[in-house]
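Step one of this worksheet: look at the structure below.
Computed from a predicted model, the values in this text were never measured in an experiment. Proteins get letters first, then strands, A, B, ... in listed order; numbering begins at 1 in each.
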There are 2 protein chains.
Amino acid sequence: MDDVTGAIADPVRREILLMLRDEALSAGQIADRFAISRPAVSRHLRVLREAGLVRDTADGRRRVYTLVTTPLDELAGWLGQLMRPAGWQHHLDALETEVYRTRRERHTAAENKESA
Amino acid sequence: MDDVTGAIADPVRREILLMLRDEALSAGQIADRFAISRPAVSRHLRVLREAGLVRDTADGRRRVYTLVTTPLDELAGWLGQLMRPAGWQHHLDALETEVYRTRRERHTAAENKESA
DNA sequence: CAAACGTGTAACTCATCGGTTACGCTTCAC
DNA sequence: GTGAAGCGTAACCGATGAGTTACACGTTTG
């Protein structure tokens with residue numbers, strides 16, 4: 001949990017996650033979309049990887065990253081735990097999870113759509 | 001958003017939020033539950049306050065803190081944005097079930113008398 | 001009023017973080 | 001084989017964060 005919240009805490013890393021939401025991207029492609037240096041992005045990717053939020057697959061000399069949302073379940077559960085007593089119904093639209101106890105393996109987002 | 005994710009990133013602060021979920025607590029009461037010094041807790045409270053996650057009301061020489069979940073909406077929305085493409089339907093389904101089933105759980109944390 | 005209580009703030013230390021440049025390793029192209 | 005492409009790591013640095021002790025300030029209480 002600490003890994004996830006820590007990873008989420010940085011705007012660059014949040015942006016990376018959003019980028020990976022729609023398509024898998026290589027390290028270089030990701031780095032190109034930021035003003036900071038490539039090594040800096042590389043380390044952000046490392047943080048995300050260690051938090052389990054992304055998975056990297058070697059593809060020749062490239063390294064393709066894909067999103068892994070599973071670790072977010074715990075965070076979502078924590079959020080739900082906090083918001084429940086208040087306007088629960090209201091948040092339902094935005095929130096979306098109470099999982100917290102279910103699914104844990106499911107999707108794995110292994111779409112090999114790298115048509116870059 | 002950065003404020004919230006930053007605030008959430010610390011385990012002590014997350015714990016504080018959970019503590020405030022069920023009842024309002026004074027700074028001292030909160031500090032007593034942690035091994036760290038009181039000033040340290042005080043600064044955690046400041047971070048939470050600046051993130052809008054807690055509200056403090058003066059009560060004599062005490063300062064009572066209450067939870068404010070509103071800022072979490074944005075985070076919840078962001079989370080949803082990330083998890084939607086994956087098992088969104090699934091999550092939503094589980095959520096609704098959960099909501100109807102628990103239905104505010106009996107005890108209700110009725111201490112929410114101090115309105116905004 | 002004076003003493004004790006409850007809290008926040010200031011000043012300081014130490015560890016961690018995010019960024020940069022330099023470098024090394026593996027893979028593709030010729 | 002040689003050189004370039006693509007990435008990650010190492011070393012270094014300034015900024016930030018969390019913890020501590022010392023202190024100031026308002027509030028109760030005797």
B/Trp78 vs A/Leu18 side-chain heavy atoms within contact, under 4.5 Å: yes
Per nearest nucleotide of DNA chain C, the residue lying toward the 5' end, A/Val47 or A/Gly60, is A/Val47
So, does [X] get its side chain near the phosphate of [N], meaning an N or O under 4.0 Å from OP1 or OP2?
{"X": "B/Ser37", "N": "D/dT20", "value": "yes"}
{"X": "A/His44", "N": "C/dC17", "value": "no"}
{"X": "A/Ser26", "N": "D/dG6", "value": "no"}

Practice item. Determine the contact category for A/Tyr65: base if any of its heavy atoms lies under 4.0 Å from a base atom, sugar-phosphate if only primed atoms, P, OP1 or OP2 are that close, otherwise nothing. Key: sugar-phosphate
For A/Ala40, report the nucleic acid contact type (base, sugar-phosphate, nothing); a contact means any heavy atom under 4.0 Å. base
Please evaluate the base of [N] for a donor-acceptor partner in the side chain of [X] within a cut-off of under 3.5 Å?
{"X": "A/Arg63", "N": "D/dG6", "value": "no"}
{"X": "A/Arg61", "N": "D/dC7", "value": "no"}
{"X": "A/Arg43", "N": "C/dG18", "value": "yes"}

Item to check | Short side-chain donor-acceptor distance under 3.5 Å, B/Thr5 and A/Arg14 | outcome: yes
Open item on the list: Keeping A/Arg13 on the side-chain end and A/Ala7 on the backbone end, is there a donor-acceptor pair under 3.5 Å?
Closed with: yes
With distance as the sole test, does B/Arg55 use its side chain to make a donor-acceptor pair with the main-chain N or O of B/Thr66 at under 3.5 Å? no
Side chain of [X]: nearest nucleotide among [options]?
{"X": "B/Arg49", "options": "C/dG8, C/dT7, D/dC7", "answer": "C/dG8"}
{"X": "B/Val12", "options": "C/dG8, C/dG18, D/dG19", "answer": "D/dG19"}
{"X": "A/Arg62", "options": "D/dC7, C/dT9, D/dT9", "answer": "D/dC7"}
{"X": "A/Pro39", "options": "D/dA18, D/dA10, C/dG18", "answer": "D/dA10"}

Can you tell me how far [atom2] of [N] sits from [atom1] of [X], to the nearest Å?
{"X": "B/Glu15", "N": "D/dA18", "atom1": "CD", "atom2": "P", "answer": "16 Å"}
{"X": "B/Asp10", "N": "C/dC17", "atom1": "CG", "atom2": "C1'", "answer": "15 Å"}
{"X": "B/Ile30", "N": "C/dG8", "atom1": "CD1", "atom2": "P", "answer": "9 Å"}
{"X": "A/Asp56", "N": "D/dT9", "atom1": "CG", "atom2": "C1'", "answer": "15 Å"}
{"X": "A/Leu45", "N": "C/dG18", "atom1": "CG", "atom2": "C1'", "answer": "14 Å"}
{"X": "A/Arg38", "N": "C/dG24", "atom1": "CZ", "atom2": "C1'", "answer": "12 Å"}
{"X": "B/Arg46", "N": "C/dA10", "atom1": "CZ", "atom2": "C1'", "answer": "10 Å"}
{"X": "A/Ile16", "N": "D/dC7", "atom1": "CD1", "atom2": "P", "answer": "13 Å"}

Inset, instruction - Start with the C-alpha gap between A/Phe34 and A/Met19, add the side-chain angles, then the distance that decides, and say whether side chain to side chain contact (heavy atoms under 4.5 Å, CB included) holds. - result: CA-CA 11 Å; A/Phe34 291 98; A/Met19 286 169 46; 3.8 Å; yes
d(B/His44 NE2, B/Ile30 CD1) to nearest 0.5 Å is 11.5 Å
